[in-house]
There are 2 protein chains.
Amino acid sequence: MPQTSRTNSKKERRQENEALILSAAEKVFAEAGFGGATMQLIADVAGLPKANLHYYFPTKESLYRQVVQNIFQIWLQAADTFDQAEGPAEGIGAYIDAKMEISRRHPAGSKVWASEVMHRAPVIQDYLETTLMEWTDGRAAIVQRWIEEGRMAPVNPHHLLYMLWATTQHYADFGHQIETLNGGAPLSDAQWEEAKKSVKDIILRGIGVIK
Amino acid sequence: MPQTSRTNSKKERRQENEALILSAAEKVFAEAGFGGATMQLIADVAGLPKANLHYYFPTKESLYRQVVQNIFQIWLQAADTFDQAEGPAEGIGAYIDAKMEISRRHPAGSKVWASEVMHRAPVIQDYLETTLMEWTDGRAAIVQRWIEEGRMAPVNPHHLLYMLWATTQHYADFGHQIETLNGGAPLSDAQWEEAKKSVKDIILRGIGVIK
DNA sequence: GTCTATAACTTGATAGAC
DNA sequence: GTCTATCAAGTTATAGAC
């Protein structure tokens, strides 16, 4: 069945090229912003002719939208650690670890998200209003329950979540500033561990689950 | 002396127009990013013909640079609260208050700075390496002294500073996200107070200066 | 100092050969 | 499916009248 075989081959080729383009686009959008990024530069980074980008993604905005959606999915998965925990020390501690790891492994994605939100979320406002809102309210309810059970200090759950996002994503979004203040060198393995430990220590002590 | 008088008048006019342009530019750069902002839009917001912008600021980049420098100065002034304090509870508490107030009053400036740093600080890298580095090391030394005097928990001073920046600036940079999660309404006066209190409670308890 | 008109350039997107 | 050549639109910046 040559046709089926060729179809599969085409699908694979398509997936490979799409992944290649998405990876290049994430990098370029992160470094230049949506307005500053050019399809030509994304094509160069991906190693493809510019016209091919338009073959896979009809417009610059459709490509950008896919990049933002991918990041959002990665963050949602980090929430699993939150849900499966038996208590605040384990749940929030693991969530910080997971978010810090994402900041280290996907700094470009975090920056694209930050840029999108800073510009009033022109492309993903619907996600903020639906998926993110539900996620946030759900996790705030878990925190509230822990508080009522006397397992952590009575803090405002929403502001705690904002602090978790702000602190962990700062290591991706402001990574260049941190790197500069670190003498121009990226954080080493040991320094990343120190960062994780510092964030967890202050926050977990701040919500009264460690002494 | 008509010439002197006219010169003063010109100076005043110049200062007024420059301030007008800078204010409009801050807003537009914050909402669209450097690449997405256009001189035409800045001119429209300022209520001036586009050519006048080029009369006061020769290039788009020179205008942008001035906007970023202004923000940096505002933040440096917030450091005074840090220095004049007698101990960590007062110093860090007042610093959080000051930074939160700036996030509320100058959200556009904070966003421009965030965007600049995220894009690897192409315009103000020299400030990061000199002024900001010196400021950071100086404040880290103060924190270190407080720790050695047993007045606060032994946390990494740099990571504490990063947390202070991240948490306070989050309310400006991600203000749109917070507003959306708040049901689409900006934080009220009471909610801003709640935010300040939440941040201070968790961090001050986290560094062991309140119970 | 101000403003209109335009030059010089870059960009996103597409047509059409292969 | 791929790629070269090119268009149409929009941008920064400036020339030159007032």
Side-chain angles (χ1 to χ4, degrees), chain A residues 2-22 24-29 31-68 112 115 119 122-123, chain B residues 2-22 24-29 31-68 112 115 119 122-123:
Chain A
Q3 199 183 357
T4 303
S5 172
R6 198 189 299 148
T7 300
N8 284 349
S9 180
K10 277 185 185 175
K11 273 189 184 173
E12 286 170 15
R13 167 69 67 95
R14 169 170 279 272
Q15 284 188 339
E16 281 173 20
N17 279 343
E18 281 186 357
L20 195 66
I21 293 168
L22 283 169
E26 181 183 82
K27 202 176 301 180
V28 173
F29 281 133
E31 291 191 1
F34 180 82
T38 66
M39 296 294 271
Q40 183 63 62
L41 184 53
I42 295 172
D44 291 346
V45 172
L48 292 172
K50 188 178 63 157
N52 290 32
L53 268 62
H54 286 284
Y55 174 72
Y56 287 104
F57 298 91
T59 66
K60 182 183 180 183
E61 186 176 320
S62 66
L63 174 55
Y64 174 79
R65 187 179 180 89
Q66 191 59 52
V67 168
V68 176
V112 175
S115 189
H119 302 157
V123 173
Chain B
Q3 198 183 356
T4 302
S5 172
R6 197 188 300 149
T7 300
N8 283 350
S9 180
K10 278 185 185 175
K11 273 189 184 174
E12 287 170 13
R13 166 69 68 95
R14 169 170 280 272
Q15 284 188 339
E16 281 174 18
N17 278 344
E18 281 185 358
L20 195 66
I21 293 168
L22 283 169
E26 182 183 83
K27 203 176 301 179
V28 174
F29 282 133
E31 290 191 1
F34 179 82
T38 66
M39 295 294 271
Q40 183 63 61
L41 184 53
I42 295 171
D44 291 348
V45 172
L48 292 172
K50 188 179 63 159
N52 290 31
L53 269 61
H54 286 285
Y55 174 72
Y56 288 104
F57 299 91
T59 67
K60 182 183 179 183
E61 186 175 319
S62 66
L63 173 56
Y64 173 78
R65 187 180 180 88
Q66 191 61 51
V67 169
V68 177
V112 175
S115 189
H119 301 158
V123 173

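Numbers restart at 1 for each chain; the letters A, B, ... are given by sequence-line order, proteins then strands.
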*Asks:* A/Ala51 has a side chain; which of C/dA15, D/dT12, C/dT4 sits nearest to it?
*Replies:*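 The listed nucleotide nearest to A/Ala51's side chain is C/dA15.
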*Asks:* Is the shortest side-chain N/O distance from B/Asn17 to OP1 or OP2 of C/dG1 below 4.0 Å?
*Replies:*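 So the side chain of B/Asn17 is outside the cut-off, no N or O lying under 4.0 Å from OP1 or OP2 of C/dG1.
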*Asks:* Report yes if some heavy atom in the side chain of B/Glu26 is under 4.5 Å from a heavy atom in the side chain of B/Tyr64; otherwise report no.
*Replies:*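 No. Closest side-chain heavy atoms not under 4.5 Å.
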*Asks:* Answer yes or no: is there a donor N or O on one side and an acceptor on the other, between the side chain of A/Ser115 and the main chain of A/Val112, under 3.5 Å?
*Replies:* no
*Asks:* Expressed as a whole number of angstroms, how long is the span from A/His54:NE2 to D/dC3:P?
*Replies:* 15 Å
*Asks:* Using the six-membered ring wherever Trp is involved, compare the ring planes of B/Phe34 and B/Phe29 and label them parallel, tilted or perpendicular (cut-offs 30° and 60°).
*Replies:* parallel
*Asks:* Show me the pairs that pass salt bridge (charged side-chain N to carboxylate O under 4.0 Å, His left out) and involve residues 38-65 of chain A, at least two apart or across chains.
*Replies:*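 Sorted result for residues 38-65 of chain A: A/Arg65-A/Asp126.
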*Asks:* Once you round it to whole Å, what is the distance between P of D/dA13 and CD of B/Glu61?
*Replies:*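 Computing the B/Glu61:CD to D/dA13:P distance gives 9 Å.
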*Asks:* Report which part of the nucleic acid A/Tyr56 touches: base, sugar-phosphate, or nothing (heavy-atom distance under 4.0 Å, all strands).
*Replies:* sugar-phosphate
*Asks:* Which whole-number value in Å describes the distance from A/Ile21 CD1 to D/dT2 C1'?
*Replies:*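 Distance check: A/Ile21 CD1 to D/dT2 C1' gives 12 Å.
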*Asks:* Which whole-number value in Å describes the distance from A/Gln40 CD to D/dT6 P?
*Replies:* 16 Å
*Asks:* Please pick, from D/dA15, D/dT11, D/dA13, the nucleotide with the shortest atom-to-atom distance to any side-chain atom of B/Lys50.
*Replies:*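 Per side-chain heavy atoms of B/Lys50, the pick is D/dA13.
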*Asks:* Measure the distance from CE on B/Met39 to P on C/dT10 and round it to the nearest whole Å.
*Replies:*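 Checked: the CE to P distance equals 17 Å.
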*Asks:* I want to verify a distance call: between C/dT2, D/dT4, D/dT11, whose nearest atom is closest to the B/Thr38 side chain?
*Replies:* D/dT11
*Asks:* Should A/Asn52 and A/Ile21 count as side-chain neighbours, where that means a heavy-atom distance under 4.5 Å?
*Replies:* no
*Asks:* Nearest whole angstrom, please: distance from the C1' of C/dT10 to the CZ of B/Phe34.
*Replies:* 14 Å
*Asks:* Which is true for B/Ala37 with a 4.0 Å heavy-atom rule: it touches a base, it touches only sugar-phosphate, or it touches nothing?
*Replies:* sugar-phosphate
*Asks:* Mind calculating the distance between OH (A/Tyr55) and C1' (C/dG16) to the nearest angstrom?
*Replies:* 15 Å
*Asks:* Figure out the CD/C1' separation between B/Glu16 and C/dG1, and round it to whole Å.
*Replies:* 14 Å
*Asks:* Kindly point out which of D/dT12, C/dC3, D/dC3 is positioned nearest to the side chain of A/Pro49?
*Replies:*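 From the listed options, D/dC3 comes nearest.
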